[in-house]
There are 4 protein chains.
Amino acid sequence: MKSCLMPKIGQEPARRAALVNATISEIGLACSLDVTVGQIARRAGMSTALAHYYFESKDAIFLAAMRHIISEYGRAVRALLHPDQSPRERLSAIVEASLGRDQFADEIVSAWLVFYVEAQRSPEAGRLLKIYARRLHSNLVYGLRFLVDPPAAHGIAQGAASMIDGIYIRHALQSDAPSRPQARALVNNYIDLNIARYSAKTED
Amino acid sequence: MKSCLMPKIGQEPARRAALVNATISEIGLACSLDVTVGQIARRAGMSTALAHYYFESKDAIFLAAMRHIISEYGRAVRALLHPDQSPRERLSAIVEASLGRDQFADEIVSAWLVFYVEAQRSPEAGRLLKIYARRLHSNLVYGLRFLVDPPAAHGIAQGAASMIDGIYIRHALQSDAPSRPQARALVNNYIDLNIARYSAKTED
Amino acid sequence: MKSCLMPKIGQEPARRAALVNATISEIGLACSLDVTVGQIARRAGMSTALAHYYFESKDAIFLAAMRHIISEYGRAVRALLHPDQSPRERLSAIVEASLGRDQFADEIVSAWLVFYVEAQRSPEAGRLLKIYARRLHSNLVYGLRFLVDPPAAHGIAQGAASMIDGIYIRHALQSDAPSRPQARALVNNYIDLNIARYSAKTED
Amino acid sequence: MKSCLMPKIGQEPARRAALVNATISEIGLACSLDVTVGQIARRAGMSTALAHYYFESKDAIFLAAMRHIISEYGRAVRALLHPDQSPRERLSAIVEASLGRDQFADEIVSAWLVFYVEAQRSPEAGRLLKIYARRLHSNLVYGLRFLVDPPAAHGIAQGAASMIDGIYIRHALQSDAPSRPQARALVNNYIDLNIARYSAKTED
DNA sequence: AATGAATGAGTTTTCATTCAT
DNA sequence: GATGAATGAAAACTCATTCAT
């Protein structure tokens, strides 16, 4: 069934990727989901009609962008995790990845915030976000497992995750938000204090 | 050309308040700024035209709503602060107010999130939000003043504020977000640990 | 609650009527439902937005037009019926009304045909058309009641109604379709022959 | 630049036939000309681009489908006509063919109606339909030739043809339309009565 | 003060058609 | 022959905003 000529390399993946990137850029630029398919398509270098050819609807484009951003985060975490890390190193790696330079880029932060809000409206967006949140949570708990008991691990993970998310949202405050190094210090400090307290308690 | 009826006096404040409340309700319901002036006006019991009579534009309505929500928060904080509180009690009161039942109502949380996002777009919204953030920060620092040194106070305040905001944003996760008591415990625990560490360090 | 000034006479009925008439005109002109809201609105002297202000959707406009055309037909029938007509006169009056000059106007015929087709797609359009068809049928049966027995009345009514509808559809053939007088003669002849046969049979 | 495979011979007629059949199916299903080239092509098992390769335009596809449906009708008539039929048998055969099981299939009836409407818009469609109408008319007149005089034959043919078309259009009424046997009876009865009247008149 | 009426500008989506391969 | 890719044009519908009354 194939043509005898060079197989046309699928435009589809490239076009979809271009649209996803353009979507994140435009959302980051507008700091809002109020972005038209026209804007996205133009930035991706194609007509609106073509954008609709590759995605079923505007919502589908947004969800693809969200999936992309979450999977990029997953990739960033995995890149910093190694089997021979100590539990504490593992936690630091997660914090580092969560507040990494890529994740902290203005447009990515904007996109995350916007998607958090969207998650309240779109069930599918909510589902995606919950998956991300649970993965972060279980990553943290997994690192804490050898350092504190399970209930404590759960609590500390929740606190750390909240703090990370809070740091993101505070980016909306521009200059008043903590910088990346400050952010890392805040979260690592929080984790250290909790671990230390736990050790102190159990030494009694 | 005057109306034949008695000119109603003082309608303006009532009308504006009705619109502000309606705005918050609709934003909370829609979990988004994608709310039409028509919806707001209808919920406030008036025509769209009248809404535009009392507010210059849709943006102005949103800003008024944001101002209202922030000032309500300020009122909540002041209500829990007393001159004869200990510094630590003062901190707990701020946490309590920030995570109070009123602030934690679903529609209020939604509105806050939406406004946080909006702050990235609208300079005026950003300005309002910074005012709120600085007030929260200085309230916390004021409470920490007698317990830790100024740089530490600054850091702890930033951590606590981030955690509070993070708890809010995690509300987008619905069931996976910490409950109100859990939220209070997380933040108070964070503050306690930091104070304790500081005391321990300075005792050396 | 009313203003002291002259009560604004409702634009609504006038606008809706204008839209309905414009719709029939445009459908008649285009000989098809492929008519845009823009065309209809322009012919009715208003913007598309206003057309959507007065009607919920394009479909609603079409249905209103259909209702109008059917009710006009009903009015035409009632105008020709008198209590003191003989049964046969009554039948002629119905035929006359069904093939009257107004109903036979090109644009009205086009509209009827288009609505007949639409009735296969839109349940509401189908409902409207069935109401019309049953009314025509029962009008004919009512006239035939004293001339033939019930089963015969039903059959003759069906034949006459089919013939009338067929004459309409043949209008699509332009010059090859029967003229109005020919049309009347065809249907009346059909009715007469059936009544005569029935009389002959029962005289045996 | 030729394809590497054996050039497939005689694909064209098969492809065109597939498209024509697919068109009729889709029109019948949608009960409307609002059918996209994409739908037609997919049902015919090919790409839209290929459909445009075989037909100049969407209109050309529709016209081909119309030609097909009309020629199928012609074939159905010819299949029931025999040289040794009596004139009356000949008329019955035409009626039988016009209301035959094949012609009465839902999707064919729908297609006919849609084409009737289309005939008002497209001159070419109108031309095709007139050809069909004249053939039906002359077939009927040819059968009536020995039974009544020419003017009477013309009138009866017009009445019968109108009734047949009317029966088709009433299909839009679904349950309220005459069934196939009822339909045949109605038309044959109409013809019989007219012939009988003529005989009676000329016997005087 | 209050509102129904009115609209321009914009948004998503669809589709016939063309073109490169 | 055959198709995926691409687009311009158009259509329905929405909405903030204005205006006459």
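Please read all numbers here as calculations on a predicted model, not as lab measurements.
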Can you pull out the residues from residues 27-39 of chain C that lie within a 4.0 Å heavy-atom distance of DNA chain F?
C/V35, C/T36, C/V37
Using side-chain contact (heavy atoms from CB on, under 4.5 Å), reason through C/I27 and C/L33 one step at a time and then give a plain yes or no.
CA-CA 6 Å; C/I27 288 177; C/L33 275 190; 3.6 Å; yes
Looking at side-chain heavy atoms only, is the closest gap between B/T23 and B/R43 below 4.5 Å?
no
Taking distance alone, no hydrogens or angles, what donor-acceptor pairs closer than 3.5 Å link side-chain atoms of residues 61-71 of chain C to residues at least two apart or in another chain?
unit_1: C/R67; atom_1: NH2; unit_2: C/E124; atom_2: OE2; d: 3.4
unit_1: C/S71; atom_1: OG; unit_2: C/H68; atom_2: O; d: 3.2

Side-chain heavy-atom pair A/L113, A/S110 within 4.5 angstrom cut-off
no
Across all chains, not counting sequence neighbours, the side-chain contact (heavy atoms from CB on, under 4.5 Å) partners of B/A44 are B/A18, B/L19, B/A22, B/M46
With the threshold set at under 4.0 Å for non-hydrogen atoms, list the residues of residues 56-69 of chain C touching DNA chain F in residue-number order.
C/S57, C/K58
For A/H52 and B/Y54, take the nucleotide of DNA chain E holding the closest heavy atom to each; which residue's nucleotide lies nearer the 5' end?
B/Y54
Taking C/K58 for its side chain and C/H52 for its backbone only, find out whether a donor-acceptor pair lies under 3.5 Å.
no
Could you state the atom-to-atom distance from CZ of D/R42 to P of E/dC15 in whole Å?
10 Å
Report yes if at least one side-chain N or O of A/R15 is closer than 4.0 Å to OP1 or OP2 of F/dG4; otherwise report no.
no
Quick one: label B/F55 by what it contacts on the DNA or RNA (base, sugar-phosphate, nothing), any heavy atom closer than 4.0 Å.
nothing
Taking A/R16 for the side chain and A/Y54 for the main chain, is one N or O donor matched with an acceptor at less than 3.5 Å?
yes
Quick note, C/A49 side chain, CB onward, closest among F/dT3, E/dT17, E/dG8 is E/dG8
To the nearest 0.5 Å, what is the distance between CD (A/E26) and SG (A/C31)?
11.5 Å
Report the residues that fulfil ring-ring contact (aromatic ring centres under 6.0 Å, His included) with B/Y132, sequence neighbours left out, ordered by chain and then residue number.
B/Y73, B/W112
Using heavy atoms to find the nearest nucleotide of DNA chain E for B/A51 and A/L50 separately, return the residue whose nucleotide is more 5′.
B/A51
Secondary-structure stems for DNA chain F, with pairs counted as Watson-Crick or G-U when both distances are under 3.5 Å and runs at least 3 long
E:2-21 with F:2-21
Can you tell me how far apart OG1 (D/T48) and OH (D/Y53) are? Round to the nearest 0.5 Å.
15.5 Å
For A/S47 and A/Y53, take the nucleotide of DNA chain F holding the closest heavy atom to each; which residue's nucleotide lies nearer the 5' end?
A/Y53
Identify whether the distance between the nearest side-chain nitrogen and carboxylate oxygen of D/E118 and D/R121 falls below 4.0 Å.
yes
